[in-house]
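Since this is a predicted model, take the numbers as computed values, not measurements.
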Amino acid sequence: MHTSTHTVLYDPEGLIEAGLPLDREPYESLVKAVLAWTGEDTLTTRDYEQIALQLTGHARAVASDVRRRLDQLPKNSGPRALAEIVLREAEGRLSAKLEGTAHCARNRARLVRTLYERLDRLETTPARRGAHRTETEPMTATADSRV
């Protein structure tokens, strides 16, 4: 009889995953390498599929982080609306069938880059309305701040 030392976790809400930071650096390096490919790069179909699969899995993880951050924003905020658009686009692109081509791998690399850009912008966005002044809100002068 063989007994396993592995434990299977059931986490449908992704609470465990939410607490773990993304391993960003290797994927950013992969994205950079894929986007730097020239027409002379020749990998096998299986290699392109594997790269696209890696980028797809990571894009899903980054999209989950974007979604969690978006859920903390006010309903009618501009950053939330932009993040929702990016997530809708990501869902559409991630639902496309993987192909063993450089074109497919590049599209997945662009998606990861776009999701990280949106996540970075959301990280600098206050989660609650009125928590910080934004660039579009005018500064109001008070009696103490006048010169």
Next on the checklist: Would you compute the distance between atom CG of Leu70 and atom CZ of Arg67 and round it to the nearest 0.5 angstrom?
Outcome noted: 5.5 Å
Checklist entry - Any ion pair linking Glu49 and Arg46 (charged N to carboxylate O, less than 4.0 Å)? => result yes
Checklist entry - Side chains of Leu43 and Ile51: does their closest heavy-atom pair fall under 4.5 Å? => result yes
Checklist entry - If you measure from OH on Tyr48 to CD on Glu99, what distance do you get to the nearest 0.5 Å? => result 13.0 Å
Next on the checklist: Donor-acceptor pair, distance only, cut-off 3.5 Å: does the side chain of Arg108 make one with the backbone of Arg93?
Outcome noted: yes
Checklist outcome for this item: On a heavy-atom basis, the closest approach of Leu94 and Ala59 is CD2-CB, 3.9 Å
Checklist entry - So Arg24 and Asp120, salt bridge (charged side-chain N to carboxylate O under 4.0 Å, His left out) or not? Walk me through it. => result CA-CA 12 Å; Arg24 188 171 177 159; Asp120 290 344; 2.7 Å; yes
Checklist entry - Which atom names give the shortest non-hydrogen contact between Ala63 and Leu87, and what distance separates them? => result O-CD2, 3.6 Å
Checklist entry - According to a 4.5 Å side-chain heavy-atom criterion applied to Ile, Leu, Val, Met, Phe, Trp and Tyr, with indirect links allowed, do Leu35 and Leu55 form part of one hydrophobic cluster? => result yes
Checklist entry - If you group Ile, Leu, Val, Met, Phe, Trp and Tyr by side-chain heavy-atom gaps below 4.5 Å, do Leu82 and Leu119 land in one group? => result no
Checklist entry - Can you get from Trp37 to Leu111 by hopping between Ile, Leu, Val, Met, Phe, Trp and Tyr side chains that sit under 4.5 Å apart? => result yes
Checklist outcome for this item: Separation between CD (Glu25) and CG (Asp23), nearest 0.5 Å, reads 8.0 Å
Checklist outcome for this item: Closest non-hydrogen contact found for Arg80 with Leu73 is NH1-O, 3.1 Å
Next on the checklist: Ignoring hydrogens, what is the shortest heavy-atom contact between Ala52 and Cys104? Give both atom names and the distance.
Outcome noted: CB-SG, 4.1 Å
Checklist entry - To the nearest 0.5 Å, how far apart are CZ in Arg106 and OG1 in Thr101? => result 8.5 Å
Checklist outcome for this item: Separation between CZ (Arg110) and CG (Leu115), nearest 0.5 Å, reads 14.0 Å
Item to check | Value rounded to 0.5 Å, distance of CG in Leu98 from OG1 in Thr56 | outcome: 4.5 Å
Next on the checklist: With heavy-atom distances below 4.5 Å as the criterion, would you say the side chains of Arg68 and Ser64 are in contact?
Outcome noted: yes
